[in-house]
Amino acid sequence: MPITLGVTREFEFTANDLSNNNCIFPRDPRNSVFVQLTDFRTKRVSAAPSQYCAFPYIVKLGSSLVGLYSDGPAHASSERQVMIRSDDGGLTWSSVTFTENGSGTYDTTLLSGLLASGASVVLKVWTIKNNSGTLAVTSVSTVESGGVTYALWSRPIPSPTGTVLYRTGYGSNGTNTQTAMFQSSDGGVTWTFRSLMFATAGRNYSEADMVRTTGDNLVAVVREDLGAGNPLYYITSANNGTSWSAPVAIPTTTVNGRQPNLMKLSDGSYILAVGDRAGVSGFSGSGDRVAGVDTTGITMVRSTDALTWGTRTSLAGMYSTDGGQPFVSETDAGRICAVFYHRRGINKQPEIGCSMVNVAAL
């Protein structure tokens with residue numbers, strides 16, 4: 001018989017398990033009852049013992065997950081971009097080298113059958129468009145505006161009409177780092193500045209993501225680097241990003257981390273996933289998962305309004321602070337796949353992994 005959920009608490013649940021025994025179990029994917037309740041799974045997407053595999057970026061095309069990750073000898077020393085694809089919600093993955101840095105050549109074979117004629121997809125700084133059966137690749141990584149060079153960052157979201165794409169980017173104004181919104185009317189081939197989002201003296205805002213709640217209403221969450229405890233801030237817009245509210249800090253006791261990723265699910269709820277680099281290392285040096293509620297790793301929270309967030313749930317650990325950049329996709333109603341990178345021990349290189357979980361109980 002299925003698990004019958006009882007009371008949901010911050011660190012634990014009560015339920016009747018598969019044998020109809022009443023039990024208390026932790027909010028922890030290492031616990032068998034939690035795994036059964038959420039159908040939790042985790043998979044290694046890609047790993048290379050001598051390479052630093054990191055910085056994934058994932059989109060959903062039809063029923064497939066497609067994306068890129070960076071591959072190189074060390075952090076921020078990428079040599080190539082590897083394309084990955086899953087057609088079964090993250091259980092299995094295929095990969096090809098999309099491009100070697102500076103080569104100007106691209107392998108788009110994993111996009112076969114996913115882009116209709118005239119359609120395009122943005123993967124990191126590359127836009128791939130189907131021009132009457134030929135996949136053309138263009139690249140734009142930065143936008144200049146007001147004397148600031150912004151690095152484009154987030155996964156684009158469409159306008160209410162679907163004719164314009166919006167994404168975030170960040171850059172230094174000479175004193176602090178600020179975040180802005182950009183728009184594209186050609187499917188991501190070119191981008192122009194739309195509005196300033198996060199800019200406060202004495203704060204360094206950078207990686208931000210945004211989600212459309214209803215109509216012209218948007219919520220954005222950003223990483224801030226100068227505050228204690230890996231803080232996150234949020235802002236709102238009621239006019240499709242023409243203007244934004246003042247930044248509000250999200251309590252670090254609720255959620256904190258780097259590279260926030262926002263997703264609206266088909267039931268109208270929202271997922272915020274982060275790379276949490278505060279607390280005790282989520283893996284020991286030998287590679288054993290460390291128990292505890294304040295460990296580094298990939299964390300998600302759920303919300304009904306994208307403003308107030310529920311209890312955090314760990315999706316994966318990381319060794320020390322080496323990991324993050326989760327990208328969440330809804331693969332089936334109420335089920336998500338989060339792709340991320342993490343290091344699993346002191347003598348290991350980071351690898352790409354994914355966690356799949358049913359979120360109804362979370």
Side-chain angles (χ1 to χ4, degrees), residues 57-61 122 152-170 178-185 188 191 193-200 205-224 231-251 254-274 299-313 315 326-338 357-362:
Y57 180 110
I58 302 294
V59 300
K60 186 179 180 184
L61 291 176
V122 177
L152 295 175
W153 170 255
S154 68
R155 185 167 50 188
I157 62 172
S159 64
T161 62
T163 57
V164 181
L165 295 177
Y166 303 109
R167 72 188 306 189
T168 69
Y170 61 92
Q178 61 191 39
T179 304
M181 181 181 184
F182 303 88
Q183 64 184 34
S184 174
S185 299
W191 295 90
F193 179 90
R194 178 170 176 82
S195 61
L196 191 60
M197 299 174 70
F198 295 91
T200 306
Y205 302 113
S206 56
E207 302 145 349
D209 201 10
M210 57 185 171
V211 66
R212 187 174 304 281
T213 53
T214 57
D216 286 341
N217 296 296
L218 301 169
V219 176
V221 175
V222 72
R223 159 184 177 169
E224 200 283 312
L232 300 169
Y233 287 75
Y234 77 88
I235 54 176
T236 62
S237 174
N239 53 19
N240 202 36
T242 300
S243 60
W244 295 86
S245 66
V248 177
I250 300 174
T254 299
V255 63
N256 58 335
R258 299 298 194 234
Q259 299 143 338
N261 185 245
L262 282 166
M263 168 62 62
K264 184 176 183 179
L265 304 184
S266 57
D267 67 357
S269 66
Y270 302 87
I271 299 295
L272 169 61
V274 298
T299 299
M300 62 148 281
V301 287
R302 190 174 174 218
S303 171
T304 57
D305 59 8
L307 299 175
T308 55
W309 298 94
T311 300
R312 69 180 78 198
T313 299
L315 297 179
F327 270 75
V328 175
S329 299
E330 186 176 27
T331 54
D332 290 298
R335 184 167 181 79
I336 64 168
C337 176
V357 62
N358 294 339
V359 301
L362 307 179

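For the single chain, residues carry numbers from 1 onward in sequence order. Every value quoted in this text rests on a predicted model; they were computed, and no experiment measured them. Heavy-atom basis, side chains included; hydrogens, waters and symmetry copies ignored.
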**Report entry** For M300, the option from L362, N261, V328 that meets side chain to side chain contact (heavy atoms under 4.5 Å, CB included)
**Finding:** L362
**Report entry** Straight-line distance of Y170 OH to M197 CE, nearest 0.5 Å
**Finding:** 14.0 Å
Query raised in the report: Residues two or more places apart in sequence or in another chain: which of them pass side chain to side chain donor-acceptor pair (under 3.5 Å) with D305?
Result: S303, T308
Query raised in the report: Under the side-chain contact (heavy atoms from CB on, under 4.5 Å) test, which residues partner E330, sequence neighbours left out?
Result: L265, S266
**Report entry** Partners meeting ring-ring contact (aromatic ring centres under 6.0 Å, His included) with Y233 (sequence neighbours left out)
**Finding:** Y205
Report task. Answer whether the closest heavy-atom distance between the side chains of L218 and I157 falls below 4.5 Å. Result -> yes
Query raised in the report: Who passes salt bridge (Lys or Arg N to Asp or Glu O under 4.0 Å) against R258, sequence neighbours left out?
Result: D225
Report task. Sequence neighbours left out, what passes salt bridge (Lys or Arg N to Asp or Glu O under 4.0 Å) with E207? Give chain and number order. Result -> R223
Report task. Quick one: list whatever passes side chain to side chain donor-acceptor pair (under 3.5 Å) with W244, sequence neighbours left out. Result -> S195
Query raised in the report: Would you say P260 and Y234 make side-chain contact, with heavy atoms under 4.5 Å?
Result: no
Query raised in the report: Once you round to the nearest 0.5 Å, how far does CZ of R155 lie from NZ of K60?
Result: 11.0 Å
Report task. Identify the heavy atoms of F198 and A220 that sit nearest to each other, and give their distance. Result -> CZ-O, 3.8 Å
Query - For N256, all residues meeting side-chain contact (heavy atoms from CB on, under 4.5 Å), sequence neighbours excluded - result: N230, T252, D276, A278, R312
Report task. Please collect all salt bridge (Lys or Arg N to Asp or Glu O under 4.0 Å) contacts where either partner lies in residues 259-270, sequence neighbours excluded, each pair once. Result -> D267-R302
Query - Residues which pass side-chain contact (heavy atoms from CB on, under 4.5 Å) with P160, listed by chain and number, not counting sequence neighbours - result: R212, D216, N240
**Report entry** Pairwise distance OG(S329) to CD1(I271) - rounded to 0.5 angstrom
**Finding:** 12.0 Å
Query - OG1-CG distance between T254 and L272, expressed to the nearest 0.5 angstrom - result: 10.5 Å
Report summary line: The side chain to side chain donor-acceptor pair (under 3.5 Å) partners of T213 (sequence neighbours excluded) come to none
Report summary line: Between the CD1 atom in I250 and the CD atom in E224, the distance rounded to the nearest 0.5 Å is 12.5 Å
**Report entry** Y57: partners by side chain to side chain donor-acceptor pair (under 3.5 Å), with sequence neighbours left out
**Finding:** none
Query - For A199, all residues meeting side-chain contact (heavy atoms from CB on, under 4.5 Å), sequence neighbours excluded - result: Q178, L196
